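Scroll down for the structure; my scribbles are underneath it.
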Amino acid sequence: FRPYEEEIIQGTVAFSDNSGIRLTMGFFEDIFVRRENLQEPSTFDSSERSWEWKPNGDEEGGWALKKGDIVRMRIRKVIFNPGASSEKRVNTQSEMILDRMKKEPMHILASLRGAGLGNIDWWENPATETYDDEM
């Protein structure tokens with residue numbers, strides 16, 4: 001597994017905190033989306049431990065990113081850390097995501113900002129739309 005910068009891939013929300021979101025692909029769990037790389041405006045709900053995108057800027061409504069949601073992301077940077085231990089670490093909620101990322105041999109910084117990125121349920125699939133061509 002070696003994604004390249006600007007590649008679009010899918011993953012699953014594993015954990016969220018005020019600094020951003022950690023994503024997993026099942027076989028690889030060290031993908032991080034910093035808060036500034038989320039759709040704008042987004043807010044963090046500490047009681048739900050999830051981010052919510054409010055595309056109209058409304059206080060009411062919005063689209064949440066919760067644990068287990070499937071997302072489409074853009075790879076911003078792949079970072080190799082050859083000095084890191086390859087032993088598996090247990091992530092606790094009190095451990096900050098960025099701190100964990102520094103300890104892993106490879107991690108990825110990604111973005112959910114942009115059209116078509118984020119929760120896959122947010123975007124309509126144009127391939128499934130039908131059009132009436134009346135002449």
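Keep in mind the model is a prediction, meaning the values are calculated, not measured.
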pair [X]-[Y]: side-chain heavy atoms closer than 4.5 Å:
X: Arg49; Y: Asp17; answer: yes
X: Ser111; Y: Val33; answer: no
X: Phe28; Y: Ile108; answer: yes
X: Leu23; Y: Phe32; answer: no
X: Glu29; Y: Phe15; answer: no

Practice item. Could you point out which residue of Ile120, Leu65, Thr12, Ile31 forms a side chain to side chain contact (heavy atoms under 4.5 Å, CB included) with Val71? Key: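 Checked Ile120, Leu65, Thr12, Ile31 against Val71; only one passes side chain to side chain contact (heavy atoms under 4.5 Å, CB included): Leu65.
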Taking distance alone, no hydrogens or angles, what donor-acceptor pairs closer than 3.5 Å link side-chain atoms of residues 37-44 to residues at least two apart or in another chain?
residue	atom	partner	partner atom	Å
Gln39	OE1	Gly114	N	3.3
Gln39	NE2	Leu112	O	3.1
Gln39	NE2	Gly114	O	2.7
Gln39	NE2	Leu117	O	3.1
Glu40	OE2	Arg113	NH2	2.6
Ser42	OG	Gln39	O	2.3

Check your understanding: Nearest heavy-atom pair of Lys77 and Ile79: which atoms, and what distance?
Key ->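 Of all heavy-atom pairs spanning Lys77 and Ile79, the closest is CG-CG1, 3.9 Å.
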Check your understanding: Between Met106 and Pro3, which heavy-atom pair has the shortest distance, and what is it?
Key ->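 Closest pair (atom of Met106, atom of Pro3, distance): CE-CD, 4.5 Å.
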Review point. Under the side chain to side chain donor-acceptor pair (under 3.5 Å) test, which residues partner Arg35, sequence neighbours left out?
Key: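 Scan of Arg35 (side chain to side chain donor-acceptor pair (under 3.5 Å), adjacent residues dropped) gives Asn18.
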Practice item. Mind telling me whether Trp122 and Trp53 have parallel, tilted or perpendicular rings, with 30° and 60° as the class edges? Key: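 Trp53 and Trp122: tilted rings.
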Point to revise | Value rounded to 0.5 Å, distance of NZ in Lys67 from OG in Ser50 | key: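 Those atoms lie 12.5 Å apart.
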Donor-acceptor contacts under 3.5 Å from residues 4-11 side chains, at least two apart:
residue	atom	partner	partner atom	Å
Glu7	OE1	Tyr4	N	3.1

